[in-house]
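For reference, the structure discussed in these notes is given below.
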Protein chains: 2
Amino acid sequence: MNKTNTEENIIQAAEYEFIERGFEGARMQAIADKAGINKALLHYYFRSKQKLFEVIFKNAFKLFIPRILNVFEREDINFFEKIEAFVENYLNILAKHPHIPGFIIHELANNPSSIVKIVQEIAPDLSPIKQQIEAEVSKGTIRNIRSEHLILNVLSMSIFPIVASPIATMILFNGDKKQYATLLSERKNHVSDFIIQSIKNPNL
Amino acid sequence: MNKTNTEENIIQAAEYEFIERGFEGARMQAIADKAGINKALLHYYFRSKQKLFEVIFKNAFKLFIPRILNVFEREDINFFEKIEAFVENYLNILAKHPHIPGFIIHELANNPSSIVKIVQEIAPDLSPIKQQIEAEVSKGTIRNIRSEHLILNVLSMSIFPIVASPIATMILFNGDKKQYATLLSERKNHVSDFIIQSIKNPNL
DNA sequence: ATTTAATTTAACCAGATGGTCAAAAGTACT
DNA sequence: AGTACTTTTGACCATCTGGTTAAATTAAAT
């Protein structure tokens with residue numbers, strides 16, 4: 001076993017454990033077992049549970065501040081197409097990592113300074129997007145809307161149905177997961193349609 | 001100290017502890033301290049951490065399946081006004097209990113059967129609302145939309161900004177909580193506007 | 001082959017945690 | 001005042017948990 005392999009094994013195991021159970025629920029022993037190593041080796045590579053957690057959290061968070069925002073820097077498509085592209089992209093990422101948003105939200109709920117720091121470091125700068133929205137409002141392509149609301153609406157309709165899927169499945173489909181999965185797949189088109197329908201200037 | 005008082009004290013303390021820290025993070029000792037009693041008394045009233053948790057979870061969940069749904073049974077207002085009334089009501093409840101939705105979502109993430117059972121018992125029946133949406137589509141007052149999507153959109157835009165407030169505050173306003181609070185207060189009008197704008201039939 | 005450094009393990013430890021128990025304190029009833 | 005029942009407590013326990021240490025194994029360098 002060389003160092004690189006073990007370290008990677010640990011990270012994968014820790015990722016699963018932390019994201020599935022949260023910091024408090026995660027067990028160092030479980031991570032060691034899943035990585036096929038001794039618990040002491042865990043502390044040899046990452047000094048403490050806290051340190052290991054921070055590595056995992058950082059990785060997870062990075063996944064969700066994607067280059068996807070770059071969509072809004074493209075000049076070959078218009079604003080509505082950018083929204084479509086963004087939503088589709090984001091929903092794809094969410095489908096691949098459905099447990100990460102809930103994980104991030106939960107761990108951030110109590111605002112432990114260690115994590116807040118990480119978020120601040122990595123957090124993306126949305127001001128270009130804000131400006132772009134404001135520009136569209138000025139141009140009159142979309143009706144008057146505060147940029148923050150629009151951003152929040154897009155993120156809400158994309159992320160929430162994933163984060164709250166257990167309850168949503170029960171309430172909407174009496175627990176039928178297949179039906180809910182179908183609904184989710186429909187949302188790749190639905191969400192952007194719904195948004196564009198709402199913001200587009202009806203006079204054009 | 002009479003029984004009623006102690007029991008109520010425990011429940012209040014447990015509510016705070018569980019909702020703030022989650023089942024795994026909650027400590028029986030902390031609950032006992034906060035209730036001003038002995039830890040053994042906790043087990044005298046509620047046999048185990050699990051049992052106590054279930055009581056708290058049930059209470060919390062009940063708060064969010066409100067009679068508010070009754071809004072949709074009113075006959076004195078039209079569909080759009082119902083949406084407005086619902087959103088305003090729901091956002092008020094959320095403002096009063098901002099930590100409960102995240103709590104419910106997190107505890108349900110791993111689908112422990114004990115909790116799933118509770119949810120199934122209490123979960124509201126949305127079929128009247130679904131039918132109402134479909135009726136509006138037939139009437140042509142709103143454009144064609146699948147009822148589940150509309151419901152999910154309303155809930156998403158209402159709940160997500162509260163659940164994800166720590167990150168949202170950082171990303172949108174660099175951590176300025178006052179600005180975010182202002183934004184949230186604006187949403188009582190914004191969310192229903194945004195929705196109605198999206199679904200209303202433009203030909204009418 | 002021998003020394004040196006890195007990797008891995010088994011055995012332990014201290015503190016925390018949920019939970020128990022027998023006795024004490026309180027209450028109600030006669 | 002005495003009995004019976006409920007409520008409350010302090011002391012205690014078994015187990016779990018993150019973390020440590022010293023020794024063993026393996027790999028790298030000379």
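Throughout, protein chains are lettered first and strands after them, A, B, ... in sequence-line order, and every chain is numbered starting at 1.
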Can you check the B/E7 CD to D/dT7 C1' distance for me, whole Å?
12 Å
Interatomic distance, CD1@A/I145 vs CD1@A/I133, rounded to 0.5 Å, equals 7.5 Å
A/K49 has a side chain; which of D/dG19, C/dG18, C/dT8 sits nearest to it?
D/dG19
Nearest-angstrom distance from the residue atom CZ of A/F46 to P of D/dG18:
16 Å
Is it possible for you to check whether A/K34 lies under 6.0 Å from the centre of the six-membered ring of A/Y16, through NZ or CZ, and within 45° of that ring's axis?
no
A quick test of your reading: do over 12 heavy atoms of other residues, nucleotides or ligands sit less than 6.0 Å from CG of B/D33?
yes
Quick one: do B/D76 and B/R74 make a salt bridge, cutoff under 4.0 Å?
yes
Which nucleotide in the set C/dT8, D/dG18, C/dG18 lies at the smallest distance from any side-chain heavy atom of A/R27?
D/dG18
Presence of B/T6 side-chain N/O under 4.0 Å of D/dT7 phosphate oxygens OP1/OP2
no
Starting at the 5' end of DNA chain D and moving along, which residue's nearest nucleotide shows up first, A/F23 or A/A40?
A/F23
Between D/dT8 (C1') and B/N9 (CG): distance, integer Å:
14 Å
A/H190 and A/F194 aromatic centres sub-6.0 Å
yes
Once you apply a heavy-atom cut-off of 4.0 Å, does B/A26 come out as touching a base, just sugar-phosphate, or nothing?
sugar-phosphate
Whole-Å distance between C/dA23 P and B/L41 CG?
19 Å
Nearest whole angstrom, please: distance from the P of C/dC21 to the CG of B/N38.
15 Å
Considering only D/dT8, C/dT8, C/dG19, which nucleotide approaches the side chain of B/Y45 most closely?
D/dT8
Euclidean distance, atom CD1 of residue A/I37 to atom P of D/dT25 [Å, nearest integer]
19 Å
What nucleotide, of D/dG10, C/dT7, D/dT6, holds the atom closest to the side chain of A/Y44?
C/dT7
Could you state the NE2-P distance from B/H43 to D/dC12, rounded to the nearest angstrom?
19 Å
Side-chain donor or acceptor of B/K39 under 3.5 Å from a matching atom on the base of C/dG19?
yes
Distance, rounded to the nearest Å, where B/Q29 contributes CD and C/dT17 contributes P
9 Å
